[in-house]
There are 2 protein chains.
Amino acid sequence: MAKRLTQQDIARMAGVSQATVSLVLNNRQDASVRIAPETRARVLEVIRRTGYVANPIARRLHDHRNRILGVFTYEAVFPSTRADFYQPFLEGIEEQAEEIGCDLLLFTSAKAAGGRRRIFSDDSRIRLADGCVLLGRSLDRDDLAQLLTEGIPFVSIGRRDDAGGPVPHVGADYRAAVRDLVDRAVAFGHRKFAYVGAGKGAESSADRLRGFREAVAAHGVEGTHVPFASLDQLAGFTAVLAEEVSDGAALVLAARDRGLSVPGDLSVMTLGAATRPAPEEIGLTGFTIPRREMGRRAVQALTEVLEKAATPQELLPCEFVAGTTLG
Amino acid sequence: MAKRLTQQDIARMAGVSQATVSLVLNNRQDASVRIAPETRARVLEVIRRTGYVANPIARRLHDHRNRILGVFTYEAVFPSTRADFYQPFLEGIEEQAEEIGCDLLLFTSAKAAGGRRRIFSDDSRIRLADGCVLLGRSLDRDDLAQLLTEGIPFVSIGRRDDAGGPVPHVGADYRAAVRDLVDRAVAFGHRKFAYVGAGKGAESSADRLRGFREAVAAHGVEGTHVPFASLDQLAGFTAVLAEEVSDGAALVLAARDRGLSVPGDLSVMTLGAATRPAPEEIGLTGFTIPRREMGRRAVQALTEVLEKAATPQELLPCEFVAGTTLG
DNA sequence: AGCCTGTAATAATTCGAATTAGCATCTTGA
DNA sequence: TCAAGATGCTAATTCGAATTATTACAGGCT
């Protein structure tokens with residue numbers, strides 16, 4: 001393996017000092033440092049001839065930035081089973097990283113303790129990057145707290161409750177999106193609503209349920225939370241909002257199986273959670289989560305954290321999907 | 001942003017010298033450098049408390065290792081349009097990287113000149129990583145040559161012709177796979193073969209065509225290369241091998257449109273290239289490319305390059321897919 | 001006391017490039 | 001003619017960690 005050329009080598013060849021090579025390379029024209037045109041040309045010629053490129057490692061050692069953004073996920077991102085969930089986020093992240101000229105570091109080395117990666121372990125590599133985007137339905141509270149206390153620049157994708165301090169995040173406005181769905185359903189004449197899903201645990205679930213409760217209260221209609229729903233538990237309700245897309249789809253199929261009409265006898269809406277893969281052909285009414293945009297904005301927010309030591313918190317609007325299961 | 005901790009900081013807190021911290025951190029036990037157990041424990045405690053991690057940049061500057069593996073692609077990897085192609089490879093790469101405790105660096109910063117990323121530019125960051133996996137249907141010859149002459153450790157996914165020297169790669173054995181398909185078709189009685197596709201340009205295309213030529217020659221049957229095929233050009237042939245899955249699918253549909261039976265009147269096989277998305281429901285006869293395994297092996301090969309300065313070259317077998325379009 | 005041996009830790013140097021302070025040399029202008 | 005200023009370049013330092021050479025000190029032995 002041919003030894004790599006250094007600025008010192010170039011300097012020797014051009015008969016100047018290493019400092020001069022550096023100045024020429026960076027095209028410095030300041031009043032304080034001047035290089036004669038002939039000298040500059042001579043150095044440039046040697047650089048051209050040798051194809052010399054500055055060693056980025058050494059270069060980055062000097063500034064404190066290395067233009068590397070970390071992406072942490074609690075599990076592998078590429079397996080196809082998880083692709084539907086991660087991919088749109090990552091698409092946005094990659095896009096924005098490319099725009100600001102940063103490389104992306106995937107923390108695949110994080111020791112998988114009990115099948116789940118850890119942000120902090122004996123030799124946490126989280127600080128490899130200038131800053132870090134955290135991705136996952138739920139994030140460990142202790143991890144968030146430690147990130148905050150250690151002053152590690154990061155942004156969460158998805159809203160997060162305070163963890164010993166405000167957590168910088170870019171989320172989706174599930175609360176408003178769910179309220180909007182209820183509003184629309186009320187306009188269709190619905191008065192008896194059921195919310196199907198956990199409604200707690202992850203912030204994303206809690207936000208949805210909260211939006212639901214606010215909306216039914218505002219309209220003065222009946223709204224019940226049914227954590228795990230079979231069709232039998234939904235007798236009497238005319239509109240069901242299912243956190244999970246797959247749950248919504250299953251309900252539609254089950255209802256039609258029993259000869260019920262959807263949306264004739266029962267309206268079903270989905271709240272976009274895609275923990276499990278779901279059939280697409282049903283055309284569920286609901287909303288889309290701006291995953292890609294969230295990825296983009298997260299990287300932008302991270303640059304704000306890095307440059308202004310800010311704590312950005314932002315919720316992006318979800319877009320209504322008409323579908324065919326509300327009537 | 002809180003200033004990043006240095007070994008000097010740790011040293012101060014533990015009341016020792018920076019050198020001592022380094023020695024403890026690297027768990028050096030040599031006879032020449034000894035650290036008292038109490039001192040060691042004190043330093044480790046400070047490290048644990050602060051969550052200190054050595055700056056990989058500085059570390060790399062000194063010992064030329066940082067447990068970061070680069071992944072270079074000429075375009076973004078996450079957009080869904082490219083996901084089908086990249087994903088299986090990346091899945092294998094991620095899996096193996098996780099196993100050997102390395103992080104993955106995606107070179108999103110590579111300047112996109114004319115929409116295509118460049119490995120080498122004014123500020124090439126390729127050397128940030130210990131080594132690099134190159135991914136893409138075709139790789140720039142000049143880039144490969146430069147990687148070789150600069151002695152940058154890398155492995156190509158996909159076989160590559162020499163570029164001023166042998167190129168380390170992990171590819172798929174298209175040659176053998178295509179020969180196998182022809183063998184099977186001959187066994188079915190076919191004697192007039194057409195090869196549809198470029199058959200040149202990328203090594204993967206050339207290898208397929210080469211396998212085709214070898215097989216028809218070995219059997220003494222007729223074999224013609226038809227770069228861009230419409231159904232009309234295929235009159236007289238009884239078996240068609242299409243490089244592109246989508247081309248094969250289109251041929252089947254076109255043939256059936258004209259009232260021809262597939263495989264009754266015409267057999268169609270595909271050679272697995274998936275540049276464009278293709279319908280899956282046809283059940284084309286052909287073979288699968290072991291993309292995921294290629295990703296895994298590429299990372300393993302890269303470790304061989306790094307540890308033994310080897311130049312691994314390996315072709316993995318493709319698996320026959322019976323399908324329904326050969327008879 | 002003087003000398004050696006072992007132990008424990010540190011000072012100093014290295015990696016490659018960027019930057020700052022500063023040293024010569026050459027012009028001007030008074 | 002001499003100070004002031006411009007010009008062109010380089011020596012020295014910095015970044016953070018790893019390594020080598022070296023020092024400091026205790027205890028044992030003659």
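The shown structure was predicted, so the numbers you read here are calculated from the model rather than taken from an experiment. The figures that follow rest on heavy atoms only: side chains count, while hydrogens, waters and symmetry mates do not. Chain A is the first sequence line, chain B the second, and so forth, proteins listed ahead of strands; every chain is numbered from 1.
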Considering non-hydrogen atoms only, spot the tightest contact between Glu94(B) and Pro79(A) and give its length. OE1-CD, 3.7 Å
Using 4.0 Å as the upper bound for N to carboxylate O, is an ion pair formed by Glu99(A) and Arg296(A)? yes
Arg65(A) CZ to dA18(C) P, in whole Å, measures 18 Å
For Phe120(B), enumerate each residue passing the ring-ring contact (aromatic ring centres under 6.0 Å, His included) test, keeping only those at least two apart in sequence or located in another chain. none
For residues 161-168 of chain A, which side-chain donor-acceptor pairs fall under 3.5 Å, sequence neighbours excluded?
residue   : atom : partner   : partner atom : Å
Asp161(A) : OD1  : Arg159(A) : NH1          : 3.1
Asp161(A) : OD1  : Arg159(A) : NH2          : 3.1

If the cut-off is 4.0 Å, is Tyr52(B) near the phosphate of dA17(D), judged by side-chain N/O to OP1 or OP2? yes
Residue-phosphate contact under 4.0 Å: Arg4(B) side-chain N/O, dG16(D) OP1/OP2: no
In whole angstroms, how far is the P atom of dG16(C) from the CG atom of Leu25(A)? 15 Å
Euclidean distance, atom CD1 of residue Ile57(B) to atom P of dA17(D) [Å, nearest integer]: 11 Å
Let me know the distance between CD of Gln29(A) and P of dC9(D), rounded to the nearest Å. 13 Å
Applying salt bridge (charged side-chain N to carboxylate O under 4.0 Å, His left out), name anything that partners Arg60(A), two or more places apart in sequence or on another chain. Asp63(A), Asp123(B)
Would you mind building the protein contact string for nucleotides 5-15 of chain C? One character per nucleotide, 5' to 3', B for base within reach (heavy atoms under 4.0 Å), S for sugar-phosphate only, - for untouched. --BBBBB--BB
Asp130(B) and Arg67(B) ion-paired at < 4.0 Å: no
Between the protein and nucleotides 23-26 of chain D, which nitrogen or oxygen pairs are less than 3.5 angstrom apart?
none

Less than 4.0 Å between a side-chain N and a carboxylate O, is that true for Arg297(B) and Glu314(B)? yes
So what does Asn26(A) hit on the nucleic acid, given a heavy-atom distance under 4.0 Å: a base, only sugar-phosphate, or nothing? sugar-phosphate
Single hit among Val21(B), Asp9(B), Ile10(B), Leu5(B) for side-chain contact (heavy atoms from CB on, under 4.5 Å) with Val46(B): Ile10(B)
Take the C1' atoms of the five end pairs on each side of the helix from dA1(C)-dT30(D) to dA30(C)-dT1(D), derive the two axes, and give their angle rounded to 10 degrees. 80°
Whole Å only: how far is the CG atom of Leu128(B) from the P atom of dA17(C)? 13 Å
May I have the distance from Arg125(A) (atom CZ) to dA17(D) (atom P), rounded to whole angstrom? 14 Å
Taking only N and O in the side chain of Arg59(A), is any of them less than 4.0 Å away from OP1 or OP2 of dG16(C)? no
Round to a whole Å and report the spacing from CZ of Arg67(A) to C1' of dA17(C). 17 Å
Tell me the interatomic distance from Arg12(A), atom CZ, to dG16(C), atom P, rounded to whole angstroms. 11 Å
Check Ala76(B) against Tyr86(B) and note the closest heavy-atom contact, atom names and distance. O-CE1, 3.8 Å
Show the numbers, then the answer: is there a ring-ring contact (aromatic ring centres under 6.0 Å, His included) between Phe78(A) and Phe78(B)? CA-CA 10 Å; Phe78(A) 288 115; Phe78(B) 288 116; 5.5 Å; yes
In terms of side-chain geometry, is the basic nitrogen of Glu45(B) or Arg42(B) positioned less than 4.0 Å from the acidic oxygen of its partner? no
Tell me whether the side-chain N/O atoms of Gln7(B) come closer than 4.0 Å to OP1 or OP2 in dA18(D). yes
Any Arg60(A) side-chain N or O less than 4.0 Å from OP1/OP2 of dA17(C): no
Ion pair check, Glu150(B) and Arg4(A), cut-off under 4.0 Å: yes
